[in-house]
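This report concerns only the one structure given below.
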Amino acid sequence: RRQRQMCIRDRDMVAAQGEVKAFQAANAEYLECVDDLMASEKASVAEGDKNAEERFALAAADYNAAVSREEQVAADFNTAIRAYKAANPD
């Protein structure tokens, strides 16, 4: 019975790892889009578009928030892995 429970947990951890990787891949695509937007807004600022400064700042805030979310997801998953390994040393 204990062996079966550990296998289920192993599968759960592998599944969670896949979900984290999928999130990271999606987030990387999102960051590329926001980065492109920031480049466009920066160019608009250079051309004198005063409204572009605010749009650039909002895009930069979105970019930073997405990076922070990804860092938090990774930290939470690493904490879960350490707890799992501590509870299942074999």
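The main-chain N or O of Ala74 is found under 3.5 Å from a side-chain atom of Asn78 such that the two form a donor-acceptor pair. Although no hydrogens or angles enter the test, the distance criterion places a donor-acceptor pair under 3.5 Å between the side chain of Ser68 and the main chain of Asn64.
Contacts of Gln17 classified as side-chain contact (heavy atoms from CB on, under 4.5 Å), with partners at least two apart in sequence or in another chain: Lys21, Phe77. Shown here are the side-chain hydrogen bond (donor to acceptor under 3.5 Å, both in side chains) partners of Asp76, two or more places apart in sequence or in another chain: Gln72. Every residue meeting the side-chain hydrogen bond (donor to acceptor under 3.5 Å, both in side chains) condition with Thr79, not counting sequence neighbours, appears here in chain and number order: Arg82. In terms of the side-chain contact (heavy atoms from CB on, under 4.5 Å) criterion, Glu19 has no residue partners (sequence neighbours excluded). Take Asp49 and apply the salt bridge (Lys or Arg N to Asp or Glu O under 4.0 Å) test, not counting sequence neighbours, and it matches Arg55.
Atom CG in Leu37 sits 13.5 Å away from atom NZ in Lys42 (nearest 0.5 Å).
Cluster membership for Val67 and Met38, using ILVMFWY side-chain heavy atoms within less than 4.5 angstrom, is shared. Residues Met13 and Val20 share a single hydrophobic cluster, defined by chaining ILVMFWY side chains whose heavy atoms lie under 4.5 Å apart. In terms of hydrophobic clustering, with Ile, Leu, Val, Met, Phe, Trp and Tyr side chains grouped at heavy-atom distances under 4.5 Å, Ile81 and Val73 are assigned to a common cluster.
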For a quick test of your reading: what N or O donor-acceptor pairs under 3.5 Å do the side chains of residues 22-30 make, sequence neighbours left out?
residue	atom	partner	partner atom	Å
Asn27	ND2	Ala66	O	3.3
Asn27	ND2	Glu70	OE1	2.7

